[in-house]
Amino acid sequence: MQYVNLGRSGLKVSPLCLGTMNFGPFTSEEDSFAIMDRALDVGVNFFDSANVYGRHLGRGATETIVGKWFAQGGGRREKTVLATKLYGDMTDWPNDGKLSALNIRRACDASLKRLQTDYIDLYQAHHVDRNTPYEEFWEAMDALRQQGKIVYVGTSNFAGWHLAKAQEEARRRGSLGVVSEQSHYNLLTRAVELEVLPAAEDYGIGVIPWSPLAGGLLGGVLRKLDKGRSASEMMLNELAKHRDKIEAYEKFCDELGLDPAHVALAWLLEQRAVVAPIIGPRTMEQFTGSLPALEITLDEPALARLDEIFPGHRTAPEDYAW
């Protein structure tokens with residue numbers, strides 16, 4: 001495994017991040033444990049979760065499973081770069097969500113308890129909170145760092161100007177600031193190329209793409225349908241919108257002799273500021289099936305062809321102006 005720095009920080013992470021969102025709701029505790037063990041075995045040390053994950057099992061269920069896995073010992077916690085998130089409402093009470101200093105304090109303590117650990121390596125704001133000033137946000141996060149409860153701070157679903165505003169306030173306070181941003185980014189969804197990626201690159205913020213396979217559309221969906229494997233109604237609706245592109249994409253992957261899912265992940269790893277796409281396996285097969293992407297290097301003609309199939313964006317304002 002070739003580890004990479006998380007943004008401008010000195011923290012080394014694997015170039016694939018294990019997303020745990022399916023653990024509990026769709027993957028049993030036993031199978032979740034096996035996937036996490038396998039991840040460490042192959043060198044994937046970067047795990048991502050969130051306090052709201054759990055779906056029908058209840059919010060917090062996924063973190064609880066990860067905590068039980070850590071509790072087995074064997075160096076599991078020490079080997080893992082643990083990332084989790086806060087923002088979503090955990091209850092109906094008004095201060096049990098968002099990014100107020102009060103919720104940041106309470107949410108962190110609750111996550112630490114569920115995760116059965118003393119500290120979180122990367123504590124991330126799951127979404128921008130337009131009603132909380134950055135002065136308050138950083139005061140709360142800096143307090144957690146001083147208390148040894150978190151090590152680094154990250155964001156998710158922030159616009160480029162949100163990152164700039166957050167970083168400038170952190171700089172004013174003499175804080176390290178944001179080291180990572182989780183963004184919705186894949187071959188089909190490329191709006192972050194306008195301003196988020198340039199801002200992240202300029203500020204030394206590592207980008208962690210979520211939904212790298214566009215909900216399965218970039219994972220060889222046409223091949224699976226041809227083999228009689230079922231797809232959700234949502235996926236079929238999305239496929240109808242993008243079928244021409246997906247057909248051209250899968251044909252090109254055939255020409256390369258590569259699996260579509262591997263090409264999609266390998267493409268992301270070639271993009272500016274990107275550190276580690278998040279893979280969210282439900283099964284061991286899905287996890288191990290993602291690993292060959294790390295062995296693929298796409299050449300310039302291949303990257304150009306992918307841009308033809310899935311046109312992206314230049315940096316703003318040149319994308320739409322001079």
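- Checked by atom type and distance alone, the side chain of Ser183 never pairs as donor or acceptor with a backbone atom of Pro209 at under 3.5 Å.
- Trp138 pairs by the ring pair (Phe, Tyr, Trp, His ring centres under 6.0 Å) definition with nothing, not counting sequence neighbours.
- Side-chain polar atoms of Glu168 and Tyr134 form no donor-acceptor pair below 3.5 angstrom.
- In terms of the ring pair (Phe, Tyr, Trp, His ring centres under 6.0 Å) criterion, residue partners of Phe47 (sequence neighbours excluded) are, by chain and number, Trp69.
- Sparse packing is recorded around CD of Glu300, with 12 or fewer heavy atoms of other residues, nucleotides or ligands lying under 6.0 Å away.
- Proximity of a side-chain donor or acceptor of Glu195 to a complementary backbone N or O of Gly160 within less than 3.5 Å is not detected.
- Heavy-atom neighbours of Arg55 CZ from other residues, nucleotides or ligands within 6.0 Å: at or below the threshold of 12.
- Between the side chains of Asn45 and Thr80, not a single donor N or O lies within less than 3.5 Å of an accepting N or O.
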Donor-acceptor pairs under 3.5 Å, side chain of residues 315-322 to any protein atom, not counting sequence neighbours: which ones?
| residue | atom | partner | partner atom | Å |
| --- | --- | --- | --- | --- |
| Thr315 | OG1 | Arg272 | NH1 | 3.0 |
| Asp319 | OD1 | Arg314 | N | 2.8 |
| Asp319 | OD2 | His313 | ND1 | 3.4 |

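- With contacts defined as side-chain heavy-atom distances shorter than 4.5 Å, the pair Tyr185/Gln271 qualifies.
- The number of heavy-atom neighbours closer than 6.0 Å to CZ of Arg105, taken from other residues, nucleotides and ligands shown, is 12 or below.
- Taking a 6.0 Å sphere around CG of Asp41, one finds it holds more than 12 heavy atoms contributed by other residues, nucleotides or ligands.
- More than 12 heavy atoms of other residues, nucleotides or ligands sit less than 6.0 Å from atom CG of Asp299.
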Sequence neighbours left out, cut at 3.5 Å: what donor-acceptor pairs do the side chains of residues 233-242 make with other protein atoms?
| residue | atom | partner | partner atom | Å |
| --- | --- | --- | --- | --- |
| Asn237 | ND2 | Glu233 | O | 3.3 |
| Glu238 | OE2 | Lys241 | NZ | 3.0 |

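- For the pair Arg77 and Phe70, the cation-pi criterion (under 6.0 Å, within 45° of the ring axis) is fulfilled.
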Chi angles and distances behind the salt bridge (Lys or Arg N to Asp or Glu O under 4.0 Å) call for Asp96, Arg59: CA-CA 12 Å; Asp96 284 350; Arg59 299 186 172 202; over 6 Å; no
Would you mind writing out the side-chain donor-acceptor pairs for residues 246-254 within the sub-3.5 Å range, not counting sequence neighbours?
| residue | atom | partner | partner atom | Å |
| --- | --- | --- | --- | --- |
| Glu247 | OE2 | Arg243 | NE | 3.1 |
| Tyr249 | OH | Pro260 | O | 2.5 |
| Tyr249 | OH | Ala264 | N | 3.2 |
| Glu250 | OE2 | Val221 | N | 3.0 |
| Glu250 | OE2 | Leu222 | N | 3.0 |
| Asp254 | OD1 | Arg223 | NH2 | 2.4 |

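- Under 3.5 Å, the side chains of Asn157 and Trp210 contain a donor-acceptor pair of N or O atoms.
- If you check the side chains of Asn22 and Thr27, you find no donor sitting under 3.5 Å from an acceptor.
- Separation of atoms CD1 (Ile150) and CD1 (Ile104) is listed at 8.5 Å; rounding is to 0.5 Å.
- Under the 4.5 Å side-chain heavy-atom criterion for Ile, Leu, Val, Met, Phe, Trp and Tyr, Leu265 and Phe287 are members of the same hydrophobic cluster.
- Counting heavy atoms from C-beta on, the side chains of Thr155 and Ser180 never come closer than 4.5 Å.
- Within the 4.5 Å cutoff, side-chain heavy atoms of Leu306 are placed close to those of Val263.
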Worked check of side chain to side chain donor-acceptor pair (under 3.5 Å) between Ser28 and Glu30: CA-CA 5 Å; Ser28 70; Glu30 180 181 3; 5.2 Å; no
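- Checked by atom type, the side-chain pair Gln147/Tyr119 shows no donor-acceptor distance below 3.5 Å.
- Between the side chains of Thr283 and Glu285, not a single donor N or O lies within less than 3.5 Å of an accepting N or O.
- Checked by atom type, the side-chain pair Ser49/Glu63 shows no donor-acceptor distance below 3.5 Å.
- With a 6.0 Å radius and a threshold of 12 heavy atoms from other residues, nucleotides or ligands, Lys245 has its NZ atom above the threshold.
- The ring pair (Phe, Tyr, Trp, His ring centres under 6.0 Å) check on Tyr53 picks up nothing, with sequence neighbours excluded.
- Between Asp109 and Lys149 there is a salt bridge, since a side-chain N of the basic residue sits under 4.0 Å from a carboxylate O of the acidic one.
- With 3.5 Å as the limit, one finds a donor-acceptor pair spanning the side chains of Asn5 and Lys12.
- When only modelled atom types and interatomic distance are considered, Ser156 and Gln124 share no side-chain donor-acceptor pair under 3.5 Å.
- Between Arg282 and Asp31 there is no salt bridge, since no side-chain nitrogen of the basic residue lies less than 4.0 Å from a carboxylate oxygen of the acidic one.
- Side-chain contact between Gln182 and Lys85 is present, with heavy atoms from C-beta onward closer than 4.5 Å.
- Residues Leu86 and Lys98 have side chains not in contact (no heavy-atom distance under 4.5 Å, counting atoms from C-beta outward).
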